[in-house]
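Working notes, beginning with the structure itself.
In this text, all values refer to a predicted model and were calculated from it rather than measured experimentally.
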Amino acid sequence: MSMHGYAEKSQFRELIEMLYNAEANGANMYYVMAYLAREKGWDDVAEACCANAAEDAFHGGRYGAMLGKGASDEEKFWKMLLGAYRLEAGAEAQLREICAKVRTAGEDALADEIAKSIEEENEHARRLERVFDAHGIRWKE
């Protein structure tokens, strides 16, 4: 049985929404703490925070699916993932524009930090390309 959308009609919908938001916010806060820990050279703390963040993000995904977010229908699922892919694949150009704007304003340190995400965003796209290829999903336009 799929739990997709189950909570939409449940008497516990508001509770599931609260859990969804708490997990999403918790994941984000763990990632903030991981970033700050890395700045301090506390790699073990950063690693623990990243692991907790990933699990909390997955918990949020569970509750989100219960609320009907995402797409459980196979065709809609792949279409949704292709949409995410296009965002990832287009991120470099957008981030470079943002970096240029920030640099023009004299905020080089801030632009340098933003730029650090570019290669990771490109890897997100490549990772999805590999998944699409493995499942026979056309992703090239």
I need the minimum non-hydrogen distance between [X] and [Y], along with the two atoms involved.
| X | Y | result |
| --- | --- | --- |
| Val102 | Ala111 | CG1-N, 3.7 Å |
| Ala27 | Ala57 | CB-N, 3.6 Å |
| Glu121 | Ala91 | CB-CB, 3.8 Å |
| Gly70 | His4 | O-NE2, 3.4 Å |
| Ala46 | Ala37 | N-CB, 3.8 Å |
| Leu67 | Glu8 | O-CG, 3.2 Å |

Spacing of [atom1] belonging to [X] relative to [atom2] belonging to [Y], to within rounding of 0.5 Å:
| X | Y | atom1 | atom2 | value |
| --- | --- | --- | --- | --- |
| Glu23 | Asn28 | CD | CG | 13.0 Å |
| Glu123 | Ile118 | CD | CD1 | 15.0 Å |
| Lys116 | Tyr35 | NZ | OH | 5.5 Å |
| Lys101 | Glu107 | NZ | CD | 12.5 Å |
| Met29 | Asp56 | CE | CG | 12.0 Å |
| Tyr31 | Cys49 | OH | SG | 10.5 Å |

Do [X] and [Y] belong to the same hydrophobic cluster, where Ile, Leu, Val, Met, Phe, Trp and Tyr are linked whenever their side-chain heavy atoms lie under 4.5 Å apart, directly or via other members?
| X | Y | answer |
| --- | --- | --- |
| Trp42 | Leu36 | no |
| Phe58 | Tyr63 | no |
| Leu81 | Leu87 | no |
| Ile137 | Leu128 | yes |

Under a 3.5 Å distance rule, please check whether His124 uses its side chain to pair with a backbone N or O of Tyr85 as donor and acceptor.
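No; zero donor-acceptor contacts below 3.5 Å.
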Is [X] atom [atom1] crowded by more than 12 heavy atoms from other residues, nucleotides or ligands, each under 6.0 Å away?
| X | atom1 | answer |
| --- | --- | --- |
| Glu119 | CD | yes |
| Glu75 | CD | no |
| Met80 | CE | no |
| Trp139 | CH2 | yes |

Would you please test Asp133 and Arg130 for side chain to side chain contact (heavy atoms under 4.5 Å, CB included) and show each step?
CA-CA 5 Å; Asp133 287 344; Arg130 290 189 297 270; 5.7 Å; no
Derivation and outcome, side chain to side chain contact (heavy atoms under 4.5 Å, CB included), residues Arg126 and Glu129
CA-CA 5 Å; Arg126 288 188 298 267; Glu129 288 170 5; 4.2 Å; yes
Applying side chain to side chain contact (heavy atoms under 4.5 Å, CB included), run through Trp78 and Val131 and close with a yes or a no.
CA-CA 11 Å; Trp78 288 114; Val131 167; 4.2 Å; yes
Are Tyr6 and Ile16 close enough that some pair of their side-chain heavy atoms sits under 4.5 Å apart?
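The answer is no, as the side chains (C-beta and beyond) never meet within the 4.5 Å cut-off.
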4.5 Å side-chain heavy-atom contact, Leu95 and Ser117:
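Yes, side chains in contact.
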